[in-house]
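What follows is a single structure, written as structure tokens, with notes after it.
Atoms within a ligand are numbered from 1 in the order they appear, just like the ligands themselves.
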Amino acid sequence: MKCKNLTYEKIDITDGFWKERQDLVREVTVWNVYKRFKETGRFDAFKLNWKEGEPNRPHIFWDSDVAKWIEGVAYLTAKKREPELEAIVDEVVDDIERGRAEDGYFNSYYLQIEPQNRFTVRDRHELYCLGHLIEAAIAYDKATQKGKLLSLVKDYVTLVKRVFMEENAAAFEAPGHEEIELALVKLYDYTGDRQYLELAAHFVNRRGQKGKPNQGWAQCNRGYEQDHLPVREQPEAIGHAVRAVYLYCAMADLAQRLEDDALKAAAERLYRNIIEKKMYITGAIGSTRRYEVVKAPDEPTVSYFGEAFEEEYELPNDSSYAETCAALGLALFSRRMQLLSPADASYADTVERVLYNGFLSGMSLDGKAFFYVNSQEIDLEARRRMRKFGRSERHYPTERVEIFNCSCCPPNVVRFIPSVAEFLYHYDENTIYVNQYMQSDADFGATKLEQSTRYPYDGAVSLKLTGESKTLAVRIPAWCKSFAFRHNGKPVTLPCVKGYASIPMRDGDVLELDLAMLPRRIYANPNIRANRGKVALTYGPFVFCMEGVDNGERLGEVRLTDGDVQVGFDPTLGLPVLFCPAVRETATELYTDTLTQTPFTAKLIPSFAFANRGESDMRIWHEKV
Ligand code: FUB
Ligand code: ZN
């Protein structure tokens, strides 16, 4: 049996850090995003009755924004029906049924604005929108047994298969923004209909074959869309970060299902390239925000077009792109890679890094506002100077907003948090791999697993198995240097191989785990120019940051000194905090042989929680004395 993830409907998160966030999405976020999408015309666009000159002109990927929102509603509904939300979804489904073309095509932009131009421009997101509608349809059918949306998307997929695979009649062979590939694999998994797996493989295999003239934005060329080489030959992660990780998800999915070793090797190569050379300490990805075209001297003209991966080790803090969707996509990619190497816990380490840092910073603590770009450093003084001379540099955001024009991230958060349980476990016929720690009840069929923990507030975890015996392989996070186990109350020493400690468990057995959580000083590879000579602090899965609101602005003057780092708790934030000895270095002259050092104790908070208390300096990487 191939390893599988235990899916969200088989797991109830019953309390703690992630239950709080799931409740916040259910009670606040899903409604806030709905209201803003309603105000901006995203839902009305499905009625196909917009008239030139009216506000809220339909946009090429509004269908995907609403589809992700629907998918999030479906995950919430799977746990507790929400009649008002379902009514909104059912109205959208009726709009699609009423407005779709005879042949099953549906796209609220093209049907209203340029019906004659369907499938003529690769990077105008038709297949990306269909991909998200597919994911939404599967989740909604699973949660409600209302099969209409699923039936509608299947009709649309039948058209796409005919146009792209049978007739090759479109102006392009592979989509400009990957997404449909991973969605088609999900549709295959859900229906067992192999044609969907074959269509996913078709799109992945046609990528990089240059079978049709290049398209997309003027400056943009194939590197931005990972279309510069056949996917099995791509040496490194380049181009738009979200497009890239969505493609890589499909590559990993297909490698497992088709037992395609070349695809598996390519997915592993691209994963390692990201993890080892192109990822921020928070798990965020995408360094380039500036829209620029860089022609690599000896490569096919490859564009490092905006919102993209940079050269290896180029991870600037103050000009990061680090989109919320990109971080989330890296977690999805890592989960899929985990299934290709089931006994290697490092993939779940990456998931954890993203979940508690690079992804979660995308939403405010009150669940109402979002980041599209997640700054990795905020220096208000530097911004002031840039703006004073009207520099064209796109200024990194210092505060979240409720909705932005390009609103791909908010609905991605709405669907990701309700389904976060899917990162907890993967399993085969003998072993259950415990990858993440959340208070939860899981149903593997003949075996049930109850997890009790306050993680990430502390490292104590209890796992109670009932029913059929299984081996438990429990992840020891890479950050944890000391841990202890008790099996049915008795201390045991368990072998830890590639990050998993394993133990046979029988009906009624309890395995207790204590993961020692201590503050750690982390140093960056000196190849990362931005962080040479600097230090970051972590505690458990959290990467910490310093904010001006706690420590005074002009954080560039602050240096961390040696000495013990104390752990505290901030009741306002509801989060652990760190207190670290520091000095503030100042000078009056422009150059001096003696800087004034004023000692103080710096307070640091989990980096995902920055920018929740107004505009403020923020640093993850700190100079040290
Ligand atoms: O283009 C669709 C989505 O909008 C991309 O994934 C994001 O980067 C944003 O551009
Ligand atoms: Zn986004």
Close aromatic pair by centroid cut-off 6.0 Å: Phe119 and Tyr110
no
Is the Lys NZ or Arg CZ of Arg335 less than 6.0 Å from the centre of Phe333's six-membered ring, within 45° of the axis?
no
Atom indices of ligand 1, in the order listed, that fall short of 4.0 Å to a heavy atom of His125:
1 (O), 2 (C)
Under 6.0 Å from the ring centre and within 45 degrees of the ring axis: does the NZ or CZ of Arg42 meet both conditions for the six-membered ring of Phe37?
yes
Identify which of Arg243, Glu178, His177, Glu179 has a heavy atom lying nearest to atom 6 (O) of ligand 1.
His177
List ligand 1 atoms under 4.0 Å from Glu307, heavy atoms only on the residue side.
8 (O), 10 (O)
Return the set of residues passing side chain to side chain contact (heavy atoms under 4.5 Å, CB included) with Asp95 (not counting sequence neighbours), or none when no residue passes.
Phe46, Lys47, Glu91, Arg98
Using a 4.0 Å cut-off to any heavy atom of Cys406, which atoms of ligand 1 qualify?
4 (O), 9 (C), 10 (O)
Per-residue contact class, Ala326 against ligand 1 - non-hydrogen pairs under 4.0 Å
neither
Distance under 4.0 Å to a non-hydrogen atom of Val242: what atoms of ligand 1 satisfy this?
6 (O)
If only atom types and distance count, is the side chain of Trp31 paired as donor or acceptor with the main-chain N or O of Lys35 below 3.5 Å?
no
Between the candidates Tyr372, Tyr128, Phe61, Tyr246, which shows the shortest non-hydrogen contact distance to atom 9 (C) of ligand 1?
Tyr372
Any idea which protein heavy atom is nearest atom 7 (C) of ligand 1, and the distance to it?
Glu323 OE2, 3.2 Å
Judged by atom type as modelled, is there a donor-acceptor pair below 3.5 Å linking the side chain of Arg353 to the main-chain atoms of Gly358?
no
CG/Asn412 to CD/Glu71 distance, rounded to the nearest 0.5 angstrom?
8.0 Å
Protein-side N, O or S atoms sitting under 2.8 Å from the Zn ion (ligand 2) are Glu323 OE2, Cys325 SG, Cys408 SG, Cys409 SG
What residues, two or more places apart in sequence or in another chain, satisfy side chain to side chain contact (heavy atoms under 4.5 Å, CB included) together with Pro230?
Gln209, Glu233
Of all residues at least two apart in sequence or in a different chain, which pass the side chain to side chain contact (heavy atoms under 4.5 Å, CB included) check with Ala244?
Gln226, Tyr248, Phe309
Any ion pair linking Lys278 and Glu314 (charged N to carboxylate O, less than 4.0 Å)?
no
